[in-house]
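Worksheet: one structure, shown below.
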Amino acid sequence: MKIKPLGNRVLVKKIEEEERRTPGGIVLPESVKDEKAVKGEVVALGTAEKFEVKEGDKVLIAAYAGTEIRVGDEKYLLVKTADILAVIEE
Amino acid sequence: MKIKPLGNRVLVKKIEEEERRTPGGIVLPESVKDEKAVKGEVVALGTAEKFEVKEGDKVLIAAYAGTEIRVGDEKYLLVKTADILAVIEE
Amino acid sequence: MKIKPLGNRVLVKKIEEEERRTPGGIVLPESVKDEKAVKGEVVALGTAEKFEVKEGDKVLIAAYAGTEIRVGDEKYLLVKTADILAVIEE
Amino acid sequence: MKIKPLGNRVLVKKIEEEERRTPGGIVLPESVKDEKAVKGEVVALGTAEKFEVKEGDKVLIAAYAGTEIRVGDEKYLLVKTADILAVIEE
Amino acid sequence: MKIKPLGNRVLVKKIEEEERRTPGGIVLPESVKDEKAVKGEVVALGTAEKFEVKEGDKVLIAAYAGTEIRVGDEKYLLVKTADILAVIEE
Amino acid sequence: MKIKPLGNRVLVKKIEEEERRTPGGIVLPESVKDEKAVKGEVVALGTAEKFEVKEGDKVLIAAYAGTEIRVGDEKYLLVKTADILAVIEE
Amino acid sequence: MKIKPLGNRVLVKKIEEEERRTPGGIVLPESVKDEKAVKGEVVALGTAEKFEVKEGDKVLIAAYAGTEIRVGDEKYLLVKTADILAVIEE
């Protein structure tokens, strides 16, 4: 199954961050670390003519933006590109 | 009875997904599986000049978008094309 | 008394649907059958230059759209054409 | 005292409908008959260049639209023409 | 002290209406008489190029529109001209 | 430290009005005197090309408009010029 | 890891202000000092063509504007330039 976003939407696969320990060794649960932005990878562009992101880009998305869908066990987001805050270059 | 959408609206027949069992064999009730998007099939286009979808397309629609109507036992949605998130290609 | 809608409004006479029995013979009260859209017949066009509907058209209107008025025992709706979802062709 | 509406506003004198009896002779109080639209007569046009109504027109106005004022014992409405739903031709 | 309104704003001095007695002689307190519109006199025009009102005009303003200020014992309103409903000609 | 407003914003230093006694000698606390508008002096203009106010102007600003900041013991407001109601000429 | 803002967004590193003592020596907790605006330093510009700020600028941002993210132990804000109130020149 392939999902083709429409218009200026982008399909983003959510990246679940691995556990992170504080210097003292305490495991921070996911929800405490960062609840304002969501990390993901662009996997498909919509039908608009021009996009500021490309497939493979790691991006930050405003939390609660877009529509979450699940394909198998993976979580995806269908977001408008205007809701993508930044590209993460590593 | 035939329903002809007006303007940039599209008539979408809702697709009820069959039950799905988790690896452990538990049946997930419909409402747990995916409550953010609705799956459907485009069955009629409106009167606007251009559409990004065509009849027969399987589409994802933002939950709560559009107006639900029932014809016989089938559920349909009258949605503006801007509320169609993506086309599903299988 | 004749009601002439202004602008892009349309006067629609509401169609009360007759009772409908389920296969098991149970009468569904009106409110259970379909509460998202209202059925009507266009009886007068407004003063705008162009309309996508014409007098006599059976239409579906988003519930709660427009202003309900009563003339004698009949219920009418004064609705903007943008709130007419579809034409019903029978 | 003369009230000259500004812009695309119109001064409308509210028409209080006379009591109406049901076939069985019960008097319907005003508030039960029709609470979605208000009947009035256009008594002055604003300063805009063009109006779809003229002085003397009987009109229907969306309830709660406009600003009610009282001159002596009469109730008037200062409404934008866009809130006039229809002209009543008798 | 002189107050010069900016843009399309107008400075209006509120007119407190004198008490009014009902035919039976009961004094209506101010708040009962008319709470939807406020009466005032235009005392200064803003810096916009064109106004539909002029200094000295008696006007009706939608209640709660504009910002009330007090200079000495007088109450004034700084209102956008779009919130002036009508000119009162006496 | 110098604060340079951006765009059509203006930096305004709030003017705290001195106490005022009623004829009977009662001191009105600040909050009772006038809670709808705030008095200030323009101390810096933003980067937009044109402003209707200039540095040194005493102005009235709609209460709650803009963002209050404190520099030392002084209170300032960063407001869009559209929220400045009037210039006070004394 | 480098974060590249998109469109007219800017990446701002929040500046935590050092403790400040009142004349009497009482330490004001951070939240009491100034809760309407946030201080930061622009560390990256978005992809728009023109910005009113540049990297290194100290800026004031309306509290609650933008999306807060954390990289390591530092707090950043991804804000639209329209939400930057002023540049602080020291």
Side-chain angles (χ1 to χ4, degrees), chain D residues 1-16 30-31 34-85, chain E residues 5 7-12 14-42 45-46 48-66 77 79-90:
Chain D
M1 189 172 88
K2 213 185 129 197
I3 291 166
K4 180 71 188 164
L6 291 183
N8 63 357
R9 287 186 187 87
V10 161
L11 183 67
V12 171
K13 188 173 155 183
K14 282 175 98 169
I15 298 171
E16 309 283 345
E30 184 73 12
S31 63
D34 198 68
E35 61 223 60
K36 305 282 178 49
V38 168
K39 219 175 179 171
E41 183 183 336
V42 176
V43 293
L45 301 179
T47 54
E49 282 187 17
K50 226 187 120 191
F51 285 92
E52 281 206 282
V53 293
K54 59 182 188 303
E55 288 183 27
D57 276 0
K58 303 280 189 303
V59 292
L60 283 172
I61 298 154
Y64 309 115
T67 303
E68 194 178 297
I69 59 171
R70 233 177 292 177
V71 182
D73 292 335
E74 303 284 3
K75 287 184 196 164
Y76 292 83
L77 282 170
L78 279 159
V79 283
K80 299 192 175 169
T81 43
D83 289 325
I84 302 183
L85 304 171
Chain E
N8 63 357
R9 287 187 187 86
V10 161
L11 184 66
V12 171
K14 282 174 98 169
I15 298 171
E16 310 284 346
E17 299 197 46
E18 61 272 36
E19 275 182 8
R20 193 170 58 175
R21 283 172 193 275
T22 65
I26 299 157
V27 177
L28 291 172
E30 183 73 11
S31 63
V32 173
K33 280 189 290 182
D34 198 69
E35 62 223 62
K36 306 284 178 46
V38 168
K39 220 176 180 173
E41 183 183 335
V42 176
L45 301 179
E49 283 186 17
K50 226 187 120 190
F51 284 92
E52 281 207 280
V53 292
K54 58 183 188 302
E55 288 183 28
D57 276 358
K58 303 278 189 302
V59 293
L60 283 173
I61 299 154
Y64 309 115
L77 282 171
V79 284
K80 300 192 174 168
T81 42
D83 289 326
I84 302 182
L85 303 170
V87 172
I88 306 167
E89 297 165 351
E90 268 159 315

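Throughout, a chain's letter reflects where its sequence line sits, starting with A, and its residues are numbered from 1. The figures here come from the full heavy-atom set of this structure, side chains too, leaving out hydrogens, waters and symmetry mates.
- Listed here is the closest heavy atom pair of E/Ala86 and D/Pro5: CB-CA, 3.8 Å.
- For the atom pair E/Asp57 CG and D/Leu6 CG, the distance stands at 8.5 Å (nearest 0.5 Å).
- Of the listed residues E/Ile84, E/Val53, E/Val59, the one with more heavy-atom pairs under 4.5 angstrom with chain D than any other is E/Ile84.
- D/Ile69 has its side chain out of reach of E/Lys36: every pair of non-hydrogen atoms, C-beta onward, lies at least 4.5 Å apart.
- With a 4.5 Å cut-off on non-hydrogen atoms, D/Leu78 touches chain E through its side chain but not through its backbone.
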Subject >> Trace of the side chain to side chain contact (heavy atoms under 4.5 Å, CB included) decision for E/Leu60 with D/Ile3 >> reply: CA-CA 9 Å; E/Leu60 283 173; D/Ile3 291 166; 4.3 Å; yes
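- Expressed to the nearest 0.5 Å, how far CZ of D/Arg9 lies from CG of E/Leu85 amounts to 5.0 Å.
- E/Glu52 places a side-chain N or O within donor-acceptor distance of the main-chain N or O of D/Gly7, the cut-off being under 3.5 Å.
- Crowding of E/Lys14 atom NZ: a count of heavy atoms from other residues, nucleotides or ligands under 6.0 Å exceeding 12.
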